[in-house]
2 protein chains.
Amino acid sequence: MAKKPTLRDLSEVTGLSSYTVSRALSNGADVSDASRKLVLKAARELGYVPNRAAQELRKKSRSSVAVITASTSNYYYLDLMKGIQRVLRGSSRNAVVADIAAEGVYTPEVEDAIVQDLIQSRTAGVITTLTLSAENVKLLESWDIPVVFVDSAPPEDATRVPSILTDNYAASIKAGGHLAEHGYTDWLFLAYPGRWSTRAERERGLREAADKHGAALQVLETENDSDSARKTLSAYLDTPGGALPRAIIAGNNPLLHGVLTVLQQREIAVPTQVALIAFDEFAWAPLLDPPLTVVDEDSESIGVLAAQTLTRILDGQLEAERRGEPPVPDYRPEDRREVTADLIVRQSCGC
Amino acid sequence: MAKKPTLRDLSEVTGLSSYTVSRALSNGADVSDASRKLVLKAARELGYVPNRAAQELRKKSRSSVAVITASTSNYYYLDLMKGIQRVLRGSSRNAVVADIAAEGVYTPEVEDAIVQDLIQSRTAGVITTLTLSAENVKLLESWDIPVVFVDSAPPEDATRVPSILTDNYAASIKAGGHLAEHGYTDWLFLAYPGRWSTRAERERGLREAADKHGAALQVLETENDSDSARKTLSAYLDTPGGALPRAIIAGNNPLLHGVLTVLQQREIAVPTQVALIAFDEFAWAPLLDPPLTVVDEDSESIGVLAAQTLTRILDGQLEAERRGEPPVPDYRPEDRREVTADLIVRQSCGC
DNA sequence: AGCCTCTCCCTAAACGATTAGAAAGTAGTG
DNA sequence: CACTACTTTCTAATCGTTTAGGGAGAGGCT
């Protein structure tokens with residue numbers, strides 16, 4: 001196209017002022033039916049499409065919500081997004097995902113860059129699955145961008161920021177209890193780094209269950225991806241002290257993939273030689289060999305809750321702005337929520 | 001924050017003009033070291049973050065690439081995105097995904113809405129996994145937004161638009177040949193709708209293999225998600241004529257999930273009662289029960305190819321604009337590429 | 001007529017950045 | 001000192017929208 005039509009072009013073609021054209025296109029009042037029809041017809045004929053950058057600049061609109069994830073190959077995020085999308089759909093807002101560990105590993109620099117980027121694009125709000133630095137939370141706050149933490153604790157001094165947490169402590173006790181029922185006393189927890197705040201709770205619950213039932217718990221830490229998990233576990237099994245435990249708990253989805261790969265390579269039978277429980281239910285769990293016993297934290301409804309909370313806060317900001325007040329996020333005590341997780345018992349635990 | 005600092009604020013604080021401040025921030029020439037330091041210091045102190053909407057409006061920058069997918073729960077897209085991200089990282093461009101079938105089903109209205117949205121945000125370029133309507137391709141073209149098709153054929157009259165296609169025909173012949181080697185003569189192809197252009201090629205290859213080896217091929221069509229696949233296959237098996245075939249070919253990843261669920265529910269053993277081959281390799285395929293024989297189309301390198309092609313075209317547009325020429329996409333004949341796919345033989349086929 | 005109320009439309013000023021074109025300052029040169 | 005060349009800076013226009021603040025005209029009412 002030689003030239004992209006602008007609102008001014010529409011105004012010239014129709015003979016109406018830009019004000020009227022704008023109102024007509026946005027379905028606003030103060031326009032006669034005749035004018036509106038004229039404008040819409042001209043818009044169709046010229047192939048006019050409004051320039052979002054100009055709209056946002058003028059309106060300070062901020063219509064998109066960012067979801068900060070780490071490693072999208074974790075199935076957990078797919079379900080989480082599904083829940084978020086379901087709430088946002090229908091509203092005029094949309095979700096975009098920012099993968100903080102796309103390069104494979106997390107670094108503070110990437111976190112800072114992503115937060116910077118979100119502010120640059122004047123994101124309306126943020127849902128994060130990772131504990132952000134206190135500085136970044138403060139930075140977002142200073143730009144009036146509300147943040148909701150899901151499955152990750154807000155930094156300590158951000159006491160009012162909303163969070164949807166799973167009771168990982170209770171869930172881990174359940175999981176450990178089940179292993180104990182089977183009579184296993186030698187457990188290995190393959191865990192991702194403590195940067196993800198769920199790690200501590202999961203470990204604490206397992207530790208308590210182990211103590212209570214007289215089991216030995218070994219914790220093995222690895223980076224948060226399948227490949228690292230595979231290498232770490234392999235190396236562990238090859239060390240003199242690293243005998244095969246009676247039960248393995250995989251910290252999350254990618255780690256589970258690493259564990260299964262190792263067991264398959266070494267032809268270690270599940271559950272007869274080693275029992276296996278993993279955190280985070282996902283679509284293929286029942287179809288694995290053997291069907292997998294998992295802790296199910298229902299990430300889709302967590303997504304729904306998070307999006308609903310954020311939506312309420314954003315709507316409140318709009319309301320406040322319309323009244324001419326500063327758009328400070330309206331954080332409420334009840335926005336700090338904790339949901340429970342169940343144990344889905346299949347066969348990999350020995351059942 | 002009471003007020004968000006703008007470039008004008010920086011200008012007032014430093015006593016320099018907005019021109020100088022802008023240059024200093026963007027690392028441009030024409031600024032003394034002293035001024036630059038002054039500006040950067042002030043920017044840090046005030047917590048200044050540029051407004052992207054204003055920048056884009058003024059510069060007509062267009063820095064983001066959209067990837068149009070259908071149903072993100074298809075593992076294929078994760079790998080594709082990985083490839084795309086790998087190319088884009090480092091460049092100043094970033095990728096955003098637009099899920100065209102997020103609601104579950106595809107409708108032309110959603111397609112139109114998404115294309116409209118991409119134009120509104122003045123997207124730099126598009127990578128699509130779905131054959132778009134001829135009108136939409138033309139529309140994007142008229143806004144000088146280049147499109148690259150991956151694993152989906154461009155509409156017929158868009159003969160110059162780049163595409164990275166898999167040779168699904170040859171791959172399907174391979175798959176069919178392998179089934180024939182096992183002596184199976186009764187095949188069922190569970191297929192997604194023909195709107196995805198790979199469907200036709202896959203069916204054609206299977207058909208030809210069946211004819212050549214004297215096998216009977218039944219094609220069963222379902223919507224493109226696991227749940228529909230499950231229902232469709234279940235219903236088929238329950239009809240009087242719908243006897244269990246000797247081999248099932250699952251059209252893609254979500255459909256495979258549906259098939260496996262049905263087989264598990266009905267306690268049908270793979271591969272002894274029915275053999276199974278699926279299109280599209282994915283991370284969990286080797287870990288399923290039994291390990292799955294799949295057609296592997298290496299979607300990650302397809303992503304790399306697509307992103308490289310698009311990058312070249314976008315850079316060409318920038319170059320042209322700098323010379324004052326119109327930014328028409330430079331499509332070349334060699335941008336129409338076809339890659340091959342292999343058969344990864346595991347055990348679900350009977351091997 | 002005078003006054004009010006409505007409806008529809010317009011003018012002109014934003015929003016926050018970039019940048020062409022002009023100008024001021026500084027230094028070197030003959 | 002006049003001239004040139006270069007560096008650094010400024011002024012003001014511009015990108016494509018939205019919207020505050022008027023205002024014209026029509027109709028109804030007293």
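Throughout, protein chains are lettered first and strands after them, A, B, ... in sequence-line order, and every chain is numbered starting at 1.
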Can you see which heavy atom on Pro155(B) is nearest to which on Val137(B), and at what distance?
-> CG-CG2, 3.6 Å
Mind calculating the distance between CG (Asn27(A)) and P (dC8(C)) to the nearest angstrom?
-> 14 Å
CD1 of Ile84(B) to OH of Tyr77(B): how many Å apart, nearest 0.5 Å?
-> 11.0 Å
Quick one: Leu25(B) CG to dT9(D) P, roughly how many Å, whole number?
-> 14 Å
Within the pair Ser35(A) and dC9(C), is there a side-chain N or O less than 4.0 Å away from OP1 or OP2?
-> yes
Atom pair distance, as rounded to whole Å: CZ in Arg36(A) and C1' in dC9(C) = 13 Å
Leu16(A) CG to dT11(C) C1', in whole Å, measures 14 Å
Minimal heavy-atom distance between Ala158(A) and Arg336(A), with the atoms involved, is O-NH2, 2.9 Å
Which whole-number value in Å describes the distance from Asp30(A) CG to dG22(D) C1'?
-> 13 Å
Please report how far the helix from dA1(C)-dT30(D) to dG30(C)-dC1(D) bends, comparing the axis fitted to its first five pairs with the axis fitted to its last five, to the nearest 10 degrees.
-> 60°
Would you say the side chain of Ile68(A) lies within less than 4.5 Å of the side chain of Ile127(A), judging by non-hydrogen atoms?
-> no
Where Pro146(B) and Leu314(B) come nearest, the two heavy atoms and their spacing | CG-CD2, 3.6 Å
Flag for Asp144(A)-Gln317(A): side-chain donor and acceptor within less than 3.5 Å = no
Ser63(B) and Asn94(B), any side-chain heavy atoms less than 4.5 Å apart = yes
If you look only at distance, which donor and acceptor atoms sit under 3.5 Å apart when one is on a side chain in residues 44-53 of chain A and the other is two or more places apart or in another chain?
| unit_1 | atom_1 | unit_2 | atom_2 | d |
| --- | --- | --- | --- | --- |
| Asn51(A) | OD1 | Ala53(A) | N | 2.8 |
| Asn51(A) | OD1 | Ala54(A) | N | 3.3 |
| Arg52(A) | NE | Gln120(B) | OE1 | 3.4 |
| Arg52(A) | NH2 | Asp117(B) | OD1 | 3.1 |
| Arg52(A) | NH2 | Gln120(B) | OE1 | 2.7 |

Report all interatomic pairs (protein N or O, nucleotide N or O of nucleotides 16-19 of chain C) with separations under 3.5 Å.
| unit_1 | atom_1 | unit_2 | atom_2 | d |
| --- | --- | --- | --- | --- |
| dG16(C) | OP1 | Lys60(A) | NZ | 3.0 |
| dA17(C) | OP1 | Tyr48(B) | OH | 2.8 |
| dA17(C) | OP1 | Asn51(B) | N | 3.0 |
| dA17(C) | OP2 | Leu7(B) | N | 2.3 |
| dA17(C) | O5' | Tyr48(B) | OH | 3.4 |
| dT18(C) | OP1 | Gln55(B) | NE2 | 3.3 |
| dT18(C) | OP2 | Ser22(B) | OG | 2.5 |
| dT18(C) | O2 | Arg58(B) | NH1 | 2.2 |

Please work out if Ser32(B) contacts a base, only the sugar-phosphate, or nothing of the nucleic acid, heavy-atom cut-off 4.0 Å.
-> sugar-phosphate
